[in-house]
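Okay, so here's the structure we're looking at.
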Amino acid sequence: MARDVVRSVKGTRDFYPEEMGARIWLYEKMRQVSESFGYSEFEGPMLETYELYIAKSSQEIVEKQSFVFEDRGGDKLTLRPELTPTLARMVAARQPQLTFPLRWWSFGPFWRYERPQKGRTREFFQWNIDLLGDDSPEADAELIAIAASFLKEVGLTSGEVRILVNNRELMDKHLATFDIAPEMRGEVFNLIDRRDKMSEESWQEYAAELGLTPKQTGQVIDLIGNQELWRQSDSLVKMFAALEAYGISDYVSFAPQIIRGLVYYTGTVFEAWDTSGEYRAIFGGGRYDNLVGDVGGDPVGGVGFAVGDLIITLILQQYGRLPEFGKTPSAVFFTLFDQSLLQESLKLANSLRQAGIKVTSQLTPSKLGKQFKYADRIGAKFAIVVGPDEAANNTVTIKNLATGEQTELPQGELVNNLKALGG
RNA sequence: GUGGAUGUAGCUCAAUGGCAGAGCGCCGCACUGUGGAUGCGGUGGUUGAGGGUUCGAUCCCCUUCAUCCACCCCA
């Protein structure tokens, strides 16, 4: 490197305007879907106490993957690695005055101290959406419907992505009938979760290490191979029935091997996967019934999910569904012929802005050719020229940068003309 | 935390133990009231950093830093 530019922090991303365009696009899709289901936007602090996450997130996330540090007063702080504990805390703090069921969504930055790789950075953005205070299977169905609507909205088909659903209570009930002790079931959940992520051999070893008998291991394999298992769960039966109403059933499948890593999930759990199998889960969520109580509030159940911006963007790129983003928001470039026409050019440009047209102005004189080149580069559609001839006649020249076509017209007709052209 | 790969011009990449190159970009000119196309000319580098071997290292060796990829975990 010839230039010794100060480096950015490992695992962070710079959003140059092109990337910012994609981020805003994604954010707008999330807002649109959230609001269409009646959810309100909220935001919490990015800094939380370390205590908030202990025993609520997965141990790995709290102990190894969080940015934890002491402030100047010696208090232990954490850059939030996820939103749900913050949500629970905020709900608990104002529980008596909030109206339930509560429907909230949020989009913001999160941090995890991990080795960056494809689709994973240390600073990332997440869309979180949660419904609290309704414990029905229909509430679970609403969140899954929202997830599916979002996938549909960004242009992904049910052939490309699929939401896999399971229920932890259902699985727990069956593990009990296999004589697996309650304190072991968390580990067995973990085992189930890794069924598709490990080789058969090492999975069997893992099962043996946990102390499962060959018979029990066999029962677990049969269990997670049973695609009709959901019929034994009243909750899942009702949930799938409700999903029919949304017309997105083709996006949703039952999958008994879906468990999820976070310890606070208590009932329905779900993950969206790219069906090509090239990527890991696109997003995940589920029902958590104890979280608000755990942070000091009255027990109120919730269901929600989180979508990371990186993976969804990767998938959208893979399928070519991410739109191109122009470099400038203005379609009109106002040239400056020479210094003597500065006042007139700036005034005219500003009268366009007052009429609601977005205009970029040339501020220092240079060759017109260079100005057109610049206008083209920044993505403007029209260039406007006021030279000595136009100034003398109170006219302007509009040049269509795509076709090269030029028209001279009275200054008074400029606004309407540009609007007619779509400027 | 574990393992693998890669660092050469603004970008994408060549090359050789012996003068470091191309394409794209950028700047200029042809064309001082017209951009994209074309032609011509020009700008471009302590070969990531430090050390070692060598007459000589961008190349071989060691160290270090950075990036990427996979595992782990997860969004």
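Order of the sequence lines sets the chain letters (A, B, ...), proteins ahead of strands, with each chain counted from 1.
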Checklist entry - Expressed as a whole number of Å, how far does the C1' atom of B:rA75 sit from that of B:rC61? => result 43 Å
Item to check | Nearest-nucleotide pick for A:Gln117, side chain only, options being B:rC72, B:rG33, B:rA75 | outcome: B:rC72
Checklist entry - Rounded to whole angstrom units, what separation is found between the CG atom of A:Leu401 and the P atom of B:rG35? => result 11 Å
Item to check | side-chain hydrogen bond (donor to acceptor under 3.5 Å, both in side chains) contacts in which one or both residues fall within residues 382-393 of chain A, not counting sequence neighbours | outcome: A:Glu390-A:Thr397
Next on the checklist: Is it the case that the side chain of A:Gln216 and the backbone of A:Phe178 share a donor-acceptor pair, with hydrogens and angles ignored and the cut-off at 3.5 Å?
Outcome noted: yes
Checklist outcome for this item: Pairing string of RNA chain B (Watson-Crick or G-U wobble, both atom distances under 3.5 Å; | = paired to other strand) is (((((((..((((....[..)))).(((((.......))))).....(((((..]....))))))))))))....
Next on the checklist: By nearest atom, which of the nucleotides B:rA75, B:rU34, B:rC69 is closest to the A:Phe372 side chain?
Outcome noted: B:rU34
Item to check | Per A:Ile311 side chain, nearest of listed nucleotides B:rU2, B:rG28, B:rA75 | outcome: B:rA75
Item to check | N/O donor-acceptor pair under 3.5 Å between A:Asp309 side chain and A:Ile312 backbone | outcome: no
Checklist entry - Is there a donor-acceptor contact under 3.5 Å from the side chain of A:Arg162 to the main chain of A:Ser158? => result yes
Next on the checklist: Against A:Arg287, only a single residue in A:Asp140, A:Asn167, A:Thr266 fulfils side chain to side chain donor-acceptor pair (under 3.5 Å); can you say which?
Outcome noted: A:Asp140
Checklist outcome for this item: Rounded to whole Å, the NZ-P distance (A:Lys118 to B:rG4) equals 22 Å
Checklist outcome for this item: Assign each of A:Arg260 and A:Pro116 the nucleotide of RNA chain B bearing its closest heavy atom; nearer the 5' end lies the nucleotide of A:Pro116
Checklist entry - Does A:Ile129 offer a backbone N or O that forms a donor-acceptor pair with the side chain of A:Trp104 under 3.5 Å? => result no
Might you list the N or O atoms of the protein lying below 3.5 Å from N or O atoms in nucleotides 30-32 of chain B, with each pair's distance?
none

Checklist entry - For the side chain of A:Arg115, counting heavy atoms from C-beta on, which of B:rC26, B:rG33, B:rC69 is nearest? => result B:rC69
Item to check | Rounded distance (Å) that lies between atom P of B:rG36 and atom CG of A:Asp376 | outcome: 8 Å
